[in-house]
Amino acid sequence: MAGFDKVVSTYEEAMSGLKDGDTIIAGGFGLCGIPEGLIAEIKRLGTKDLTVVSNNCGVDDFGLGVLLHDRQIKKIIASYVGENAIFEQQLLDGLLEVELTPQGTLAEKMRAGGAGIPAFYTATGYGTPIAEGKEVKEFNGRPYILEESITGEFAIVKAWKADRYGNLVFRHTAMNFNPMAATAGKITVAEVEEIVEPGELEPSQIHTPGIYVNRVIKGTFEKRIERRTVRS
């Protein structure tokens with residue numbers, strides 16, 4: 001899109017340009033703070049051979065998990081399998097390439113990608129299978145492994161509020177991964193609960209500046225709970 005006004009009116013416009021083989025970086029944690037409508041649009045488009053970068057892959061019938069039914073995802077880079085039985089089965093059957101990554105490292109891979117940093121050293125994962133084949137270097141007598149950052153053709157995030165210029169405010173646990181993911185896409189699409197006019201957001205409360213955001217769409221959200229626990 002060109003110009004300051006980033007708002008689009010349809011999900012088709014929001015995900016325009018997505019093609020087979022693209023890498024999608026998705027915000028959210030579990031089922032919290034996920035861009036539900038954008039994921040549904042990817043499902044509708046039927047785009048194949050995708051690499052998805054996300055903390056996890058939703059559940060069997062919700063979130064990113066719906067993209068597994070028709071084998072739209074070729075590879076996923078995530079920190080855990082979670083409650084998704086289809087994810088687990090496709091992994092065990094060798095139908096899905098999976099790169100499990102420590103949670104903090106995954107967040108930093110997104111942040112570094114968005115900051116233009118190609119790689120960084122971290123102690124996390126040293127001495128485990130995570131470190132196999134990676135460069136090791138010592139700093140102050142402690143070994144660290146080299147991790148490459150991540151960028152993608154698309155980043156899809158869910159925010160609480162946005163203005164028409166694409167400035168985003170996230171709410172509560174939606175802060176998990178969404179701000180980092182928003183910086184790491186060549187095209188970043190934000191699905192939001194409310195769109196306000198420029199100037200209505202307090203500048204000090206903006207989490208992601210609009211310079212990172214290409215498209216904004218107002219969505220409606222189910223906000224499903226991944227595992228409901230109640231008192232007996």
Side-chain angles (χ1 to χ4, degrees), residues 15 17-31 34-36 38-114 117-120 122 124-136 145-157 176-178 180-181 183-189 226:
M15 294 308 298
L18 181 67
K19 60 186 184 303
D20 292 353
D22 275 356
T23 294
I24 299 173
I25 300 174
F29 186 93
L31 298 184
I34 63 171
E36 301 168 20
L38 297 176
I39 294 168
E41 176 63 13
I42 297 169
K43 171 75 171 176
R44 187 193 70 80
L45 290 170
T47 318
K48 300 281 189 179
D49 296 324
L50 297 170
T51 295
V52 171
V53 184
S54 179
N55 181 61
N56 61 298
C57 199
V59 294
D60 296 3
D61 62 341
F62 196 68
L64 290 167
V66 301
L67 304 181
L68 294 172
H69 291 271
D70 297 324
R71 303 278 308 281
Q72 289 177 259
I73 301 176
K74 179 179 70 174
K75 178 180 180 178
I76 183 159
I77 302 172
S79 65
Y80 74 108
V81 175
E83 303 284 330
N84 196 322
I86 297 177
F87 184 174
E88 178 184 12
Q89 195 59 55
Q90 289 188 6
L91 169 62
L92 294 173
D93 292 344
L95 302 175
L96 180 65
E97 185 180 349
V98 177
E99 186 177 316
L100 290 176
T101 304
Q103 203 163 76
T105 301
L106 181 60
E108 181 61 13
K109 279 173 172 277
M110 295 180 188
R111 192 205 67 81
I117 299 168
F120 57 91
T122 177
T124 304
Y126 176 77
T128 75
I130 294 294
E132 291 178 2
K134 295 176 181 175
E135 179 186 328
V136 177
I145 60 175
L146 185 68
E147 292 280 4
E148 294 186 9
S149 62
I150 293 175
T151 57
E153 282 76 26
F154 271 80
I156 56 173
V157 300
N176 289 316
F177 285 97
N178 275 303
M180 290 76 75
T183 68
K186 293 178 182 176
I187 297 174
T188 293
V189 188
E226 186 168 351

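Keep in mind that what you see is a predicted model, and the values were worked out from it rather than measured.
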Side chain [X], main chain [Y], donor-acceptor under 3.5 Å:
X      : Y      : answer
Thr101 : Leu106 : no
Glu153 : Thr23  : yes
Glu148 : Ala119 : no
Glu147 : Thr122 : no
Asp49  : Lys74  : no
Ser79  : Asn55  : yes
Asp20  : Lys48  : yes
Asn84  : Cys57  : yes

If you count every heavy atom of other residues, nucleotides or ligands that lies below 6.0 Å from Glu135 atom CD, does the total exceed 12?
yes
Side-chain contact, heavy-atom cut-off 4.5 Å: Leu50 with Asp22?
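Yes, their side chains come closer than 4.5 Å.
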Considering only heavy atoms from C-beta outward, does the side chain of Arg111 approach that of Ile117 to under 4.5 Å?
yes
For the residue pair Tyr80 and Phe29, categorise the inter-ring angle as parallel (less than 30°), tilted (30 to 60°) or perpendicular (more than 60°).
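Ring orientation, 0 to 90° scale: tilted.
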On a heavy-atom basis, which atom in [X] and which in [Y] lie closest, and how many Å separate them?
X      : Y      : result
Ser149 : Ala112 : CB-CB, 3.8 Å
Gly125 : Ala131 : O-CB, 3.5 Å
Ser54  : Ala26  : OG-O, 3.6 Å
Ala184 : Met110 : CB-O, 3.6 Å
His69  : Asp61  : NE2-CA, 4.4 Å

Rounded distance [0.5 Å steps], [atom1] in [X] versus [atom2] in [Y]:
X      : Y      : atom1 : atom2 : value
Glu97  : Ile73  : CD    : CD1   : 12.5 Å
Lys134 : Leu146 : NZ    : CG    : 9.0 Å
Ile130 : Leu100 : CD1   : CG    : 6.5 Å
Leu64  : Leu31  : CG    : CG    : 9.5 Å
Met15  : Phe154 : CE    : CZ    : 4.5 Å
Gln72  : Ile39  : CD    : CD1   : 11.5 Å

Can Phe87 and Asn56 be said to form a side chain to side chain contact (heavy atoms under 4.5 Å, CB included), step by step?
CA-CA 10 Å; Phe87 184 174; Asn56 61 298; 5.7 Å; no
Apply salt bridge (Lys or Arg N to Asp or Glu O under 4.0 Å) to Asp70 and list each qualifying residue two or more places apart in sequence or on a separate chain.
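Result, salt bridge (Lys or Arg N to Asp or Glu O under 4.0 Å) vs Asp70: Lys43.
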Given Ile24 and Ile42, is the side chain to side chain contact (heavy atoms under 4.5 Å, CB included) satisfied, shown in steps?
CA-CA 10 Å; Ile24 299 173; Ile42 297 169; 3.7 Å; yes
What pairs with Val136 under side chain to side chain contact (heavy atoms under 4.5 Å, CB included), at least two apart in sequence or on another chain?
Tyr126, Pro143, Ile145
Would Phe177 and Ile34 count as a side chain to side chain contact (heavy atoms under 4.5 Å, CB included) here? Give the steps.
CA-CA 10 Å; Phe177 285 97; Ile34 63 171; over 6 Å; no
